[in-house]
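Only this structure's heavy atoms are used, side chains among them; waters, hydrogens and symmetry mates stay out.
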Amino acid sequence: MSDAFVVRYVTRHDRADENQKLIENVFAQLAIQTPQDFQYASFRLADGVGFVHLGLSGGAGNPLSELGAFEQFQREFGERVVDGPVASGARLIGSYEFL
């Protein structure tokens, strides 16, 4: 059984680009470390300040917590956001060419 999560939040207008860059750094580190049984996607919403992260992990724990880039992303997170984060566990119902 896979564990899934969804996190959404809104950043300050002047910190949205910085937030995106920090997310891109997480994906760069994931590409190097290639954790097994882990799928992850992040979206910047059309409003430019909303973000949604989706993750699916078939292994024990969340590999994001082991990444230095994710630690940097979390640093000063509270100063970048104006709403959220709202985090929730989730159950995958289905996907098509997505995860």
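- For residues 22-34, the pairs satisfying side chain to side chain donor-acceptor pair (under 3.5 Å) are Q20-E24, with sequence neighbours left out.
- Atom CG of D17 and atom OG1 of T11 lie 8.5 Å apart (nearest 0.5 Å).
- Ring geometry for F27 versus Y40: interplanar angle under 30°, hence parallel rather than tilted (30 to 60°).
- For the pair F51/V7, no side-chain contact is recorded, criterion being any heavy-atom separation below 4.5 Å from C-beta on.
- Sequence neighbours left out, the pairs with a member in residues 78-87 that pass side chain to side chain donor-acceptor pair (under 3.5 Å) are N19-R80.
- Cluster membership for L54 and L45, using ILVMFWY side-chain heavy atoms within less than 4.5 angstrom, is shared.
- Of all the heavy atoms in A16 and G48, the pair that sits closest is CB-O, 3.4 Å.
- Summarising the geometry of V49 relative to H13, their closest heavy-atom pair is CG1-ND1, 3.4 Å, with the distance given to 0.1 Å.
- Put simply, V81 and L22 are part of the same group of oily side chains (I, L, V, M, F, W, Y) that touch within less than 4.5 Å, one to the next.
- Counting only residues at least two apart or in different chains, ring-ring contact (aromatic ring centres under 6.0 Å, His included) contacts with residues 73-95 comprise Y9-F77, H53-F73, F70-F73, F73-F77.
- Atom CG of L56 sits about 8.5 Å away from atom OG of S95, to the nearest 0.5 Å.
- Note: the hydrophobic cluster containing F43 also contains V6 (ILVMFWY, side chain heavy atoms under 4.5 Å, direct or indirect links).
- The 12-atom threshold is not exceeded at CZ of R8, counting heavy atoms of other residues, nucleotides or ligands nearer than 6.0 Å.
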